Amino acid sequence: MERTLIIIKPDGVQRGLIGEIIARFERSGLRLAAMKFMQITPALAARHYAVHEGKRFYEGLIQYITSAPVVVMAWEGLNAIQLARKLMGKTNPLDADAGSIRGDFGVSIGRNLVHGSDGPETAAFELGLFFAPEEFVTWERCTDAWIFEEN
Ligand code: DAT
Ligand code: MG
């Protein structure tokens with residue numbers, strides 16, 4: 001089982017797509033482990049996007065992610081990280097497949113609606129930035145046996 005950090009970015013919130021985006025994760029079979037509605041501070045944004053510091057789009061990225069509230073979630077399941085990236089689609093909505101969140105709703109790379117961790121180390125780091133350990137809910141979903149195949 002893996003956990004990944006998903007953020008519905010300010011454009012997703014402002015455009016009224018919170019429910020639409022959550023529904024896609026929910027019906028995928030991934031299981032919700034934590035969720036909050038918040039506004040990201042510049043300091044938190046700088047830590048979250050530290051790997052992009054110095055790139056020409058960095059300032060705009062920090063401006064955008066701190067510009068309005070976001071919904072931050074942890075989703076868990078088998079291969080949750082890769083699965084979530086697939087639901088999101090490629091970084092640039094122009095390259096994102098139809099049927100993905102960015103492919104269906106995005107136009108600009110700098111307004112691409114969602115964030116999702118890109119690997120296990122990144123996921124652990126990012127989950128720790130946004131959630132305290134006690135904020136993760138451990139629960140059994142009544143459909144788990146129909147979704148997560150036992151090995
Ligand atoms: P992703 O969000 O798919 O993991 P990333 O980590 O490479 O993509 O970049 C983080 C965000 O920065 C991305 O969602 C949008 C923005 N970004 C990336 N490359 C960009 C570019 N060439 N021009 C403008 N914004 C960019
Ligand atoms: Mg990334």
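In this text the structure is predicted, and so the values were computed from the model without any measurement. Numbering of residues begins at 1 and proceeds along the displayed sequence. Start at 1 and go down the list; that is how both ligands and their atoms are numbered.
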**OP:** Would you check if the side chain of Asn112 reaches a backbone N or O of Asn92 as a donor-acceptor pair within less than 3.5 Å?
**Re:** no
**OP:** Take Arg31 and Asp144 through the salt bridge (Lys or Arg N to Asp or Glu O under 4.0 Å) test and state the conclusion after the steps.
**Re:** CA-CA 9 Å; Arg31 188 173 62 197; Asp144 280 346; 2.5 Å; yes
Original post:
For the hydrophobic clusters of this structure (ILVMFWY residues joined by side-chain heavy atoms under 4.5 Å, transitively), does one cluster hold both Leu129 and Phe37?
Top reply: no
Subject >> Nearest non-hydrogen protein atom, atom 17 (N) of ligand 1 >> reply: Phe57 CE1, 3.5 Å
Original post:
Which bit of Lys55 gets closer than 4.0 Å to ligand 1, counting heavy atoms only: side chain, backbone, both or neither?
Top reply: neither
**OP:** Compute the minimum heavy-atom distance from Met88 to ligand 1 and say whether it is under 4.0 Å.
**Re:** no
**OP:** May I ask you to identify the nearest protein heavy atom to atom 15 (C) of ligand 1, giving residue, atom name and distance to one decimal place in Å?
**Re:** Ile109 O, 3.4 Å
Original post:
Which atoms of ligand 1 are found less than 4.0 Å from any heavy atom of Lys9?
Top reply: 14 (O)
Original post:
Which of the atoms in ligand 1, numbered in the order shown and given with their element, are less than 4.0 Å from a heavy-atom of Leu61?
Top reply: 11 (C), 12 (O), 16 (C)
Original post:
Hey, is Thr91 touching ligand 1 through its side chain, its backbone, both or neither, going by heavy atoms under 4.0 Å?
Top reply: both
Subject >> Atom indices of ligand 1 within 4.0 angstrom of Asn112 heavy atoms, with elements >> reply: 13 (C), 14 (O), 15 (C)
Subject >> Those atoms of ligand 1 less than 4.0 Å from some heavy atom in His52 >> reply: 5 (P), 6 (O), 7 (O), 9 (O), 10 (C)
Subject >> Geometric N/O contact Tyr49 with ligand 1, under 3.5 angstrom >> reply: no
**OP:** For Asp11 and Leu113, indicate whether the former's side chain and the latter's backbone hold a donor-acceptor pair under 3.5 Å.
**Re:** yes
**OP:** Please could you name the atoms of ligand 1 that Arg102 approaches to less than 4.0 Å, counting only its heavy atoms?
**Re:** 1 (P), 2 (O), 3 (O), 14 (O)
**OP:** Examine distances only and state if a side-chain atom of Arg85 and a backbone atom of Ala80 form a donor-acceptor pair shorter than 3.5 Å.
**Re:** no
Subject >> Under 4.0 Å to a heavy atom of Arg56 - the qualifying atoms of ligand 1, by number >> reply: 22 (N)
Original post:
At the 4.0 Å heavy-atom cut-off, does Asp118 count as touching ligand 1?
Top reply: no
**OP:** Over 60° means perpendicular and under 30° means parallel, so classify the ring planes of His52 and Phe57, tilted if in between.
**Re:** tilted
Original post:
Is Arg15 positioned over the aromatic face of Phe105, cation under 6.0 angstrom from the ring centre and no more than 45 degrees off axis?
Top reply: no
**OP:** Measure the distances from the heavy atoms of Arg85 to every atom of ligand 1 and state whether one is below 4.0 angstrom.
**Re:** yes
Original post:
With distance as the sole test, does Glu2 use its side chain to make a donor-acceptor pair with the main-chain N or O of Glu76 at under 3.5 Å?
Top reply: no
Subject >> Donor-acceptor contact below 3.5 Å, side chain Arg141 vs main chain Gly29 >> reply: yes
